[in-house]
There are 2 protein chains.
Amino acid sequence: MSSVSLSAVHEAAKRRLLDAGQMYTSGRRELVELLFSLGRPVTAHEVLEARPKLTQSSVYRNLAVLEEMRVVQRVAGGDDRTRVELAEDIIGHHHHLVCVVCGMVEDLVISAKAERAIDTVFDQAVEGTGFIATGHRLDILGTCKRCA
Amino acid sequence: MSSVSLSAVHEAAKRRLLDAGQMYTSGRRELVELLFSLGRPVTAHEVLEARPKLTQSSVYRNLAVLEEMRVVQRVAGGDDRTRVELAEDIIGHHHHLVCVVCGMVEDLVISAKAERAIDTVFDQAVEGTGFIATGHRLDILGTCKRCA
DNA sequence: CTCAGTGCAAAGGATTTGCATGCCG
DNA sequence: CGGCATGCAAATCCTTTGCACTGAG
């Protein structure tokens with residue numbers, strides 16, 4: 001699953017940006033690298049703490065660009081802050097363990113079989129609602145080790 | 001499913017507040033009534049639009065109290081605003097259709113069988129992670145009728 | 001050279017808080 | 001009466017934006 005390499009991620013990110021006429025600057029590269037190394041959804045605040053050199057507005061702006069280019073995606077956490085992580089089609093489809101105490105979010109990969117079961121359930125559920133489903137969000141809520 | 005009556009909801013809400021030494025005031029009652037009548041997660045902003053008489057700070061404060069008393073629960077939408085709806089143990093377990101265009105969230109009830117399938121999948125997934133699961137959040141993302 | 005990207009500071013929007021007053025128990 | 005709840009306004013927090021400057025192609 002997370003057998004994806006950093007260089008592969010950079011390649012994917014770079015291609016998506018260049019194809020859209022955007023630059024793959026050092027600031028953006030650094031964001032991708034950080035997201036890759038942390039391997040979980042992070043808030044803008046966490047990014048700024050981890051990379052003090054980066055500027056607040058640039059982080060927000062670059063995350064927005066990366067999101068538009070489908071390099072990263074937003075994730076709802078246990079609190080109100082917006083979190084982002086590398087897009088699923090880059091690091092692979094997965095779900096989240098959300099700590100309702102501290103808001104932390106961790107990735108969770110489930111078996112292909114389980115995934116298929118869920119897909120089936122959802123497909124049936126949406127039928128006839130007039131809603132056009134494009135994806136899903138499955139989070140398991142609870143308490144993480146640290147907060148237990 | 002939504003066979004729950006308004007009075008039953010008021011009763012449940014009132015009991016939870018009184019048991020905790022809180023008052024079930026008209027402002028709180030009105031919030032519960034509005035949430036019940038709308039039947040979907042709403043933002044504080046929507047509440048204020050629907051009930052202009054209510055004060056902004058009181059709405060936020062009362063929603064916080066109701067959340068603490070487990071009368072309402074927060075729901076992540078397609079945008080950044082916090083939404084709340086009546087707690088699942090009052091109106092019943094369900095999931096959400098989230099519009100990624102306008103952020104709107106609608107309730108979705110799936111079959112017991114489907115629900116069981118999902119529970120099984122999740123139980124297995126969390127095993128051995130050290131995470132203490134207390135619930136889950138399943139949202140189907142897509143485009144609603146209005147935004148299609 | 002030219003335009004997108006960056007930094008800094010100020011603006012914006014949602015939510016929270018302080019404080020004086022009102023109302024329920 | 002006494003304390004929680006309410007209103008209003010000011011304060012905060014997160015995020016976005018304006019503008020001048022820098023850097024890459």
Side-chain angles (χ1 to χ4, degrees), chain A residues 10 13-34 41-69 71-84 102-105, chain B residues 10 13-34 41-69 71-84 102-105:
Chain A
H10 274 314
K14 184 174 184 176
R15 191 177 327 109
R16 291 178 197 205
L17 289 184
L18 296 185
D19 284 358
Q22 304 261 358
M23 298 177 177
Y24 194 45
T25 62
S26 65
R28 294 170 185 182
R29 182 178 290 270
E30 201 154 355
L31 281 176
V32 169
E33 192 153 332
L34 180 61
V42 297
T43 62
H45 185 256
E46 288 178 303
V47 170
L48 292 168
E49 265 184 344
R51 295 285 182 278
K53 299 281 180 53
L54 298 180
T55 305
Q56 196 182 44
S57 60
S58 289
V59 166
Y60 279 109
R61 267 194 285 236
N62 283 331
L63 286 179
V65 169
L66 292 173
E67 185 185 2
E68 234 175 314
M69 297 301 112
V71 174
V72 305
Q73 59 194 18
R74 290 183 180 224
V75 174
D79 53 25
D80 296 340
R81 295 183 219 203
T82 299
R83 282 156 215 276
V84 300
C102 68
M104 186 64 64
V105 183
Chain B
H10 273 313
K14 185 174 184 177
R15 191 176 328 110
R16 290 178 198 207
L17 289 184
L18 297 185
D19 284 358
Q22 304 259 1
M23 300 176 176
Y24 194 45
T25 63
S26 65
R28 293 170 185 183
R29 183 177 291 271
E30 201 154 354
L31 281 177
V32 169
E33 192 153 332
L34 180 61
V42 297
T43 61
H45 186 255
E46 287 177 304
V47 170
L48 291 167
E49 265 184 344
R51 295 285 182 279
K53 298 281 180 52
L54 298 179
T55 304
Q56 195 182 44
S57 60
S58 289
V59 167
Y60 278 110
R61 266 194 286 236
N62 284 331
L63 285 178
V65 169
L66 292 173
E67 186 185 1
E68 234 175 313
M69 298 300 111
V71 174
V72 305
Q73 60 192 19
R74 289 182 180 225
V75 173
D79 53 25
D80 294 342
R81 293 183 227 204
T82 298
R83 282 154 214 276
V84 301
C102 68
M104 185 65 64
V105 183

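Chain letters run A, B, ... following the sequence lines, proteins first and then strands; every chain starts at 1. Fair warning: this is a prediction, and the values are worked out from it, not measured in the lab.
Here the C1' atom of nucleotide D:dC4 and the OH atom of B:Y24 are 17 Å apart, to the nearest Å. If you measure from atom CG of A:D79 to atom P of D:dC14, you get 10 Å, rounded to the nearest angstrom. Between B:L17 atom CG and C:dG25 atom C1' there is a gap of 15 Å when expressed in whole angstrom units. Going from atom CG of B:L31 over to atom C1' of D:dT6 covers 13 Å, rounded to whole Å. One atom, NE2 of B:H45, and another, P of C:dT15, lie 10 Å apart when rounded to the nearest Å. The nearest whole Å value for the distance from the CD atom in A:E68 to the C1' atom in D:dT16 is 14 Å. For the pair B:Y60 OH and C:dG18 P, the computed distance is 17 Å after rounding to whole Å. Spacing between atom CZ of A:R29 and atom P of D:dA24 amounts to 13 Å, rounded to whole angstrom units.
Put simply, B:N62 has no side-chain N or O that comes within less than 4.0 Å of OP1 or OP2 on D:dA5. Here B:Q22 does not reach the OP1 or OP2 of D:dC4: none of its side-chain N or O atoms lies under 4.0 Å away. Note on A:S57: every side-chain N or O is 4.0 Å or more away from OP1 and OP2 of C:dG7.
The side chain of B:T25 lies closest to D:dT6 when the candidates are C:dA9, D:dC8, D:dT6. Candidate nucleotides D:dA5, C:dC8, C:dG5 were compared by shortest atom distance to the side chain of B:R28, and D:dA5 ranks first. Among C:dT15, D:dG7, C:dG5, the nucleotide with an atom closest to any side-chain atom of B:A44 is C:dT15. Of the candidate nucleotides D:dT15, C:dT15, D:dG7, D:dT15 has the atom nearest to the side chain of A:Q56.
A donor-acceptor pair under 3.5 Å is formed between the side chain of A:T43 and the backbone N or O of A:E46. Looking only at distances, no side-chain donor or acceptor of B:R83 sits under 3.5 Å from a matching main-chain atom of B:Q73.
A donor N or O paired with an acceptor N or O is found under 3.5 Å between the base of C:dG18 and the side-chain atoms of B:R61. A donor N or O paired with an acceptor N or O is not found under 3.5 Å between the base of D:dC8 and the side-chain atoms of B:T55.
Atom CG of B:L48 sits about 13.5 Å away from atom NZ of B:K53, to the nearest 0.5 Å.
Toward the 5′ end of DNA chain D lies the nearest nucleotide of B:K53, the other residue of the pair B:K53 and A:A64 mapping further downstream. Mapping B:T82 and A:M23 onto DNA chain C via the closest heavy atom, the residue that lands nearer the 5' end is A:M23.
Across all non-hydrogen atoms, the minimal contact from A:L63 to A:V72 is O-CG2, 3.8 Å. In this structure, B:C102 and B:D79 approach most closely via the heavy-atom pair O-OD2, 3.7 Å.
Across all strands shown, A:D80 has no heavy atoms under 4.0 Å from either base or sugar-phosphate atoms.
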